[in-house]
Number of protein chains: 2
Amino acid sequence: MTVTIKDVAARAGVSPKTVSRVMNGEPHVRAAVRDAVMLVVEALGYRPNAFARSLSSARSYLLGLFCDDPTSGYATALHRGALLECRRRHYHLIVEPLALDMPGWAGDFDANIMPLKLDGAILAPPLSQNQALLDHLAACDLPYVRISPEGVGEAPVGLIEIDEERAAHDMTAHLIALGHREIGFIEGDPRHASTRTRRAGFVAAMRDAGLPVLAGRIAPGDFSFRSGLEAGEAMLAGGLPPTAIFASNDDMALGVSVAAIKLGLSVPRDVSIAGFDDAPTARLAWPAITTVHQPVLAMGAAAVRILCEPGYRDAPSDARFRERLHYNIVWRESTAGR
Amino acid sequence: MTVTIKDVAARAGVSPKTVSRVMNGEPHVRAAVRDAVMLVVEALGYRPNAFARSLSSARSYLLGLFCDDPTSGYATALHRGALLECRRRHYHLIVEPLALDMPGWAGDFDANIMPLKLDGAILAPPLSQNQALLDHLAACDLPYVRISPEGVGEAPVGLIEIDEERAAHDMTAHLIALGHREIGFIEGDPRHASTRTRRAGFVAAMRDAGLPVLAGRIAPGDFSFRSGLEAGEAMLAGGLPPTAIFASNDDMALGVSVAAIKLGLSVPRDVSIAGFDDAPTARLAWPAITTVHQPVLAMGAAAVRILCEPGYRDAPSDARFRERLHYNIVWRESTAGR
DNA sequence: TACAAGTCAGACATCGATGTCAGGAAGTGT
DNA sequence: ACACTTCCTGACATCGATGTCTGACTTGTA
């Protein structure tokens, strides 16, 4: 038999309602009573029944994490970070893959997700910048927090990001500091906002150093290993190959690395390679890729914190709920001076 | 306002209980009444409140998918497959990463997962063969289905798998049919059951073809890109290099492929490479990897089906709930005849 | 001292479904 | 036609929490 609120109430000599107050951190409970109740809670190992809670209150104590493609290590890390924070707060988390390119996703959403009465949604990129989804959530009155979307959106504002442009700038500057002057850049999927911000950071760093960005030194890509391989091959095999290549993410950096090997080039002796994201593969690859570490776990946790913030859902669109987390650059074996 | 069971009952001229019976497919409802109720359900777009349902019945209409490392594309595909089937049945699904190597996971499990009163659990490998977890679930009286675990377990039996040994046998046989006689094999993480079954298939196929398995032709690995790279390099750079290498999974096959390139070998001209799993990277890589496709989506769906089967939880441990799904071999660019 | 305002705690109804049980209708055998 | 199953259906209590409301007890102030 599981422990109910009544058991706790009886043992503590108070009413169930008071126990409820304590559990939810409501005011108007004397400190002595609160402590006594908490003691019993600990002793009995009481955990509130999530279903009963959701049924009687308007809230569900459930948060949703929506991903486009949960394959990425990115989504997984978000999941773990968010989950940890949820547990601390006695919330639960569900992960839902959302295929916005399928017609009828909205109806599907209403039928399958809405009955859950989620208290909030966390949107992983690139979902976080899909206006149709944002509109739909707003129409459903479901508060959301966006992870690394493009620009600043409408109210209610919830935004977690790192300064990607500055990170790309820093990475480029470091390559320059290493002595590189001929630096190539590979773009990501044009549908992701990161593609623009990361490129902008690269371009700005080059400009700040007084270095020209030659034609052909910025190649298109789509964040996949293969696109990195192809772009890398084209760049390194062409005339005047760069001495360093900065790829917009780690998968592409891996592709560039293989391209270099195919051409008989040694990394990092002949060419330095840098990535972005600090995906698990970046560490495991050979040579291990120098990259920008995103605090994705912390981002997931921050998203939960914001959503649980009392009054978040009705907050005005001021900057209070915009969090910019710290990134850092991880030096590994794929970059060196020349 | 959302539609409740009372609304449906009133409109259909029956009691709420009868609507409940219809919704749950219980017997003892006249066909005419059933149809009339269903009509109203459709018209009003009624969906039962999951929380109320869980509260009043012993069931939660919630299934859990447990993963060791949800990073893998494998877990993601399972998730999608299971989710689809859940929706069809008005079930919900939560995904929980489980770190069994952390002490105190059991207490954590009891505190965070048990209150959900899951109706069943789906265990992705390698969790599916962790005896401690299995015991814990049994102690909690939580029915589970295991995906591709080792051997046959105790009751209650729920098992979804492909015949990995035969798949590995087939893949090896095809390499042989292509004209290869010197074939290397790279093992996976020794903690995974697949490591043994896949190797067994390889060895059997070689034996069946009358080919010897030379010393050093079976190299240890751990399913990571890097271990594939290292094993591949050692094998290909050593004396009497094989003309084909069969890696226990796609990540390692990718590593072997890079090893070949580093050594100036061309794939598949100089060496053929085969993988296992049909991970997303296998398709995107260059050259695209020949591999064994696992019907992971179908496996997820099958797991849900079994868990929802009425009476599954109390079923005797006969073979009825053991499903063996079909695999198939996907020919891509990394293998060729010689 | 007395009175208003604020703090604290409990009684009771309620959320939306299902479990139990009892009773009426329909079908069966003699 | 009668008793006897078997098949349908609804009334009512229940799951475990929270929302509302009411009243007692503290406090601060005139």
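To find a chain, count down the sequence lines: A is the first, B the second, and so on, and within it residues start at 1. Values below: every heavy atom of this structure, side chains too, minus hydrogens, waters and symmetry copies.
- Put simply, R30(A) has no side-chain N or O that comes within less than 4.0 Å of OP1 or OP2 on dT7(C).
- In this structure, the CG atom of L55(A) is 12 Å from the P atom of dG19(D), given to the nearest Å.
- Residue S56(B) has no polar side-chain atom (N or O) positioned under 4.0 Å from OP1 or OP2 of dT18(C).
- Nearest nucleotide to the S57(A) side chain, out of dG19(D), dG16(C), dT7(C): dG19(D).
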* Go through the steps for L65(B) and C67(B) under the test side chain to side chain contact (heavy atoms under 4.5 Å, CB included), then give the verdict. => CA-CA 7 Å; L65(B) 170 61; C67(B) 318; 4.1 Å; yes
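- Taking only side-chain nitrogens and oxygens, N49(A) never comes nearer than 4.0 Å to OP1 or OP2 of dC15(D).
- Across the protein-nucleic acid pair, K17(A) atom NZ and dG23(D) atom P stand 18 Å apart, rounded to whole Å.
- Nearest to the side-chain atoms of T18(B) among the listed nucleotides dC8(C), dG10(D), dA17(C) stands dG10(D).
- Side chain R21(B) to base dG19(C): no donor-acceptor pair is found below 3.5 Å.
- In this model, the phosphate group of dT18(C) is approached by a side-chain N or O of S20(B) to a distance below 4.0 Å at OP1 or OP2.
- The closest donor-acceptor contact from the side chain of D119(A) to the backbone of Y61(A) lies under 3.5 Å.
- The cationic group of R89(B) does not satisfy the cation-pi geometry with Y91(B), failing either the under 6.0 Å distance to the six-membered ring centre or the 45° limit from the ring axis.
- Judged by atom type and distance alone, K6(A) does not reach the base of dG16(D) through any side-chain donor-acceptor pair under 3.5 Å.
- Nucleic acid contact for Y46(B): sugar-phosphate only, since backbone atoms but no base atoms lie under 4.0 Å from a heavy atom of the residue.
- Mapping A58(A) and A52(A) onto DNA chain D via the closest heavy atom, the residue that lands nearer the 5' end is A52(A).
- Heavy-atom distances to DNA chain C give each of E26(B) and K117(A) a nearest nucleotide, and the one nearer the 5′ end belongs to K117(A).
- Closest to the side chain of P48(B), from the set dA11(D), dA17(C), dT7(C), is dA17(C).
- One interatomic measurement links the two molecules: CD1 of I5(A) to C1' of dT18(D), which rounds to 8 Å at whole-angstrom precision.
- Smallest separation of non-hydrogen atoms from S60(A) and S54(A): O-OG, 3.3 Å.
- Separating the CG atom of N24(B) from the P atom of dT20(C) is a distance of 14 Å, rounded to the nearest angstrom.
- Comparing dA17(C), dG10(D), dT18(D) against the side chain of V14(B) picks out dG10(D) as the nearest.
- For L118(B) against L63(B), the heavy-atom pair with the smallest separation is CD2-C, 4.2 Å.
- What separates CZ of R53(B) from C1' of dA17(D) is a distance of 20 Å, to the nearest Å.
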